[in-house]
Amino acid sequence: MQYVKGLRCVKCNYLNEPSILYQCIKCSSSLDVEYYYEELFENVQSFHSSGNGIWKYRNLLPVKNDIEPVTLGEGNTPFLKSSSLGKISGVDQAYLKVESVNPTLSFKDRPLSVALTVSKQFGIEKVTTASTGNTGVAAAAYSARAGTPCKIYVPKRTPKEKLRMMEIYGAEIQLIDGNFSDAYKIAGEAAIENNWFNLTSTFLNPYAIEGDKTLAYELYEQYGEVPDWIIIPIGAGPLLVSCYKGFKELMCAGKVDKLPKMAGVQAENCSPIVRAFDFQISEVEPWFENGKTIASGIADPLTSYPNDGTRTLHTIRESGGVAIAVNEEKIKYYQMLLSKEEGIFVEPASITAVAAMESMKDRDLLEKQQSVVSVVTGHGVKDLDAISS
Ligand SMILES: *Cc1c(COP(=O)(O)O)cnc(C)c1O
Ligand SMILES: [Zn+2]
């Protein structure tokens, strides 16, 4: 936090005060934490501090030095070379970044560890979130760890394992008769009415998503350079956008001299960002069709906040990347393949990052000498019904 300059508006560029704020005070667009980079990188050593996992990078997180992090040991996840992925993609260097082994079994532990630590810093009394499941589970566990009450709004169709976990960690749960966007709206209203800190994993909370960029720092350190492609499953897309930001910061620090191409993947049945990419339109439109998919973790129709999707679309284009949709058949097929051939069992939303390789290869986007990383975001054991169906 000593290095935080403010909250930069992604649209009008206004620098907002680094307070509890979800949108620009001038134009209501989403915000991005900006640091005093020059000062920060003058001491390149400061990229690392003495913490573990994501907290090794605490100088680049919006947290003051004297605050103890709310941590469960998140981050520092496996980076594995995969011969099956090599076969699917046709590239020599295909890797998996296995986020499913985080403390609550998804990458959401990165942003939620940061969010609860920031809550402590701001003296927050209660937190809330809307969730497709994994954010809720992580919010429940990290708020238990922080001793902060937590209320979670989730669609009724959320996998039962995820609901049980939230309950076991002691969170208050409200089931919403609708999709994630409906839950988002209700959580947002409740947060404002009751003065709760809203941790919802869209671009709403600028502090929480800072946790996501630690993925980039780890990839760089584990691989030793910048991979050509990084494939990430996207709902609204903060993981993809923040990961790219992390690489830009590495460049700003003079550690790398190129940036990766970002591939964002959605389930075909709910793919507003892919549709905008394919039709080459500049703004994402909400998905009003039936968005039913077994990839519940990324089923976000972006109703009422399509601009979040637009922010992700812009990042994908800026990186020279691609947005890819995969169908339900492929999701099921590759979920089994990764389990049986690599011993890695991930949930349907996560496997889209593997399934996408097939279409990327078909579209001639991959070359043999390139390096590709698929980020598998959440564990399969959190949604067993997806297998039996
Ligand atoms: C949340 C989630 C995503 C998508 O992340 P966003 O940053 O919200 O786009 C992908 N996979 C899984 C398993 C998730 O829980
Ligand atoms: Zn603005």
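Counting convention: from 1, in listed order, for ligands and their atoms alike.
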Inset, instruction - Please determine if Arg110 and Glu99 form a salt bridge, counting it only when a charged side-chain N lies under 4.0 Å from a carboxylate O. - result: yes

Inset, instruction - Determine, for Asp228 against Lys258, whether the closest basic-nitrogen to carboxylate-oxygen distance falls under 4.0 angstrom. - result: yes

Inset, instruction - List the steps and the verdict of ring-ring contact (aromatic ring centres under 6.0 Å, His included) for Tyr35 and Tyr3. - result: CA-CA 5 Å; Tyr35 301 78; Tyr3 290 118; 8.0 Å; no

Inset, instruction - Could you please compute the angle at the Zn ion (ligand 2) from SG of Cys27 to SG of Cys9, rounded to 10°? - result: 100°

Inset, instruction - Work out whether the distance between some heavy atom of Ser350 and some atom of ligand 1 is less than 4.0 Å. - result: yes

Inset, instruction - Indicate, as side chain, backbone, both or neither, the part of Ser106 found under 4.0 angstrom from ligand 1 when only non-hydrogen atoms are considered. - result: neither

Legend entry - Contact partition for Pro238 relative to ligand 1, non-hydrogen atoms under 4.0 Å: both

Inset, instruction - First locate atom CE of Met262, then atom CG of Leu239, and finally report the distance between them rounded to the nearest 0.5 Å. - result: 7.5 Å

Legend entry - Rounded distance [0.5 Å steps], CZ in Phe288 versus OG in Ser181: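 So the gap between those two atoms works out to 9.0 Å.
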
Please write down residue, atom name and distance for the protein heavy atom closest to [atom].
atom	result
atom 14 (C) of ligand 1	Lys108 NZ, 2.9 Å
atom 7 (O) of ligand 1	Leu239 N, 2.9 Å
atom 10 (C) of ligand 1	Ile298 CG2, 3.4 Å

Legend entry - Trace of the side-chain hydrogen bond (donor to acceptor under 3.5 Å, both in side chains) decision for Glu341 with Ser84: CA-CA 7 Å; Glu341 292 191 8; Ser84 329; 3.2 Å; yes

Legend entry - Within 6.0 Å of CG in Asn52, more than 12 heavy atoms from elsewhere: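 At most 12 heavy atoms, drawn from other residues, nucleotides or ligands, come within 6.0 Å of this atom.
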
By number and element, which atoms of ligand 1 are closer than 4.0 Å to a non-hydrogen atom of [X]?
X	result
Pro233	4 (C), 10 (C)
Ser201	8 (O)
Gly235	4 (C), 6 (P), 9 (O)
Ile234	9 (O)
Glu347	13 (C)

Nitrogen or oxygen of [X] less than 3.5 angstrom from that of ligand 1:
X	result
Phe107	no
Thr377	yes
Gly237	yes

Inset, instruction - Please check if the distance between the ring centroids of Tyr220 and Phe247 is under 6.0 Å. - result: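 Distance test on ring centres: not under 6.0 Å, no.
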
Inset, instruction - Would you check if there is a donor-acceptor pair between the side chains of Gln174 and Lys151 at a distance under 3.5 Å? - result: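 Per modelled atom types, Lys151 and Gln174 side chains form a pair under 3.5 Å.
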
Inset, instruction - Could you give me the CA-CA distance, side-chain angles and deciding distance for Phe122 and Tyr207, then say whether ring-ring contact (aromatic ring centres under 6.0 Å, His included) is met? - result: CA-CA 12 Å; Phe122 282 131; Tyr207 300 105; 5.6 Å; yes

